[in-house]
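A short worksheet on the structure shown next.
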There are 2 protein chains.
Amino acid sequence: MVRPDPSPNDLRPTGASGATGRALDEIDRALLGHLVADARTTNAALAEKVGIAASTCLARVRALRERGVIRGFHADVDPAAVGLPLQAMISVRLQSDARDRLGEFTALVRRLPAVRDVYFVAGADDYLLHVATAGTGALRDLVATLNNHRDVAGTVTSLIFDHVRTAHGV
Amino acid sequence: MVRPDPSPNDLRPTGASGATGRALDEIDRALLGHLVADARTTNAALAEKVGIAASTCLARVRALRERGVIRGFHADVDPAAVGLPLQAMISVRLQSDARDRLGEFTALVRRLPAVRDVYFVAGADDYLLHVATAGTGALRDLVATLNNHRDVAGTVTSLIFDHVRTAHGV
DNA sequence: AATGAAATTGGCGATAC
DNA sequence: GTATCGCCAATTTCATT
């Protein structure tokens, strides 16, 4: 099957060790662990936590960014606190003749503000969309928008009672 | 400029959320948008982008954190780059008599290092687990672990070809 | 609550070990 | 790779409005 969005963030082929280019040593993994837990840790504090010099720490973190190991730093905002208390997972099955227009549908869902995660999956469904909406009305409109798309064969919506992102370790 | 990522199909309400404390004004939403896009934006740059003084900006961001609107700042690490190239979504259905032990199962899956997201859902399934593993062997072991749990009635695993987290706006 | 000025701290290049 | 120095920029406190 064709990939919907060839980008620098694509999954990469890896060996048994799973490294991209050079392997990560224990210090790199410690740095990643601390930055996953708190992206705003200062360089000085980070260096002390992992036991290296500040200048070395800065160089390592920059290298991890340039190698694509660290893709970015993001604030985690509570959807309910910004007026989007109703979350759902929408599984989307495409028409069988739409498999050569995957990029089009991907571009569409990425532009929908309610969509937080797009999982392109193998199996009975083609996409799983994690969405956050203002309420049942907004969710219904969103589902209708998806179902009205010419490439969509069907959707199944499951409400999300709770969502935990486990940021433990790397 | 005010909104970092304006979108036409906005499903959100313009006003309050009512869920957590006071409502957010446009400046707060602009701050959140910029911090979601880049959590390491400096306070000085952030203040300039939204058109307020640096000290005011600092106070607002701190307030957003204390009110729980901002839950944290996290580095986004490429799973494939740290040796976990195989991602999957595992839907889990619990035994019907396990509904009073939900906390126990939740605690279990939160401790599994492969698990990145736990979605507790309504519908045919009870949980959706987004996992990242080293390979087919590790994934098989993980699924076996889940299936062997006394509260698990069954699982369905779908491989994830690609995952995009759309960090646009709040 | 928002601001500007002042004091503290950290980022980061250059140099040397 | 690490340690020291030094400059500049950023964070943060505080008095004022």
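In what follows, chains carry the letters A, B, and so on, assigned in the order in which the sequence lines appear, proteins first and then strands, with residues in each chain numbered from 1.
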Tell me whether the side-chain N/O atoms of A:T56 come closer than 4.0 Å to OP1 or OP2 in D:dG1. no
Flag the pair A:H130 / B:H130 as yes when their ring centroid distance falls below 6.0 Å, and as no otherwise. no
B:L58 atom CG is separated from C:dA7 atom C1', nearest whole Å, by 15 Å
In this structure, how many angstroms lie between the C1' atom of C:dG4 and the CD atom of B:E48, rounded? 16 Å
Pair B:T145, B:N148 - check side-chain contact (heavy atoms from CB on, under 4.5 Å), show working. CA-CA 5 Å; B:T145 299; B:N148 287 340; 6.0 Å; no
Whole angstroms only, please: what is the CG-C1' distance between B:L64 and C:dA1? 14 Å
When the distance from CD of B:E26 to P of C:dA1 is rounded to whole Å, what number comes out? 19 Å
Under 4.0 angstrom between A:R40 side-chain N/O and D:dT11 OP1 or OP2: no
Note: B:R67-A:D78 ion pair, threshold 4.0 Å (strictly below): no
B:C57 and B:N43 have their tightest heavy-atom pair at SG-OD1, 3.4 Å
Given C:dC12, is OP1 or OP2 found less than 4.0 Å from the side-chain N or O atoms of A:R62? no
Closest to the B:A53 side chain: D:dA3, C:dG4, D:dA10? C:dG4
Could you check which of C:dA2, C:dG11, D:dT11 has an atom nearest any side-chain atom of B:R60? C:dA2
Can you tell me how far C1' of D:dT4 sits from CD1 of A:I52, to the nearest Å? 17 Å
I'd like to know if B:D117 and A:R165 make a salt bridge, using a cut-off of under 4.0 Å between side-chain N and carboxylate O. yes
May I ask you to say what B:T42 touches in the nucleic acid, namely base, sugar-phosphate or nothing, with a heavy-atom cut-off under 4.0 Å? sugar-phosphate
Picking from D:dT2, D:dT12, C:dG11, which would you name as closest to the side chain of A:N43? C:dG11
hbond_proxy B:S55 side chain to C:dG4 base (donor-acceptor, 3.5 Å cutoff): yes
In whole angstroms, how far is the C1' atom of C:dA1 from the CD1 atom of B:I27? 11 Å
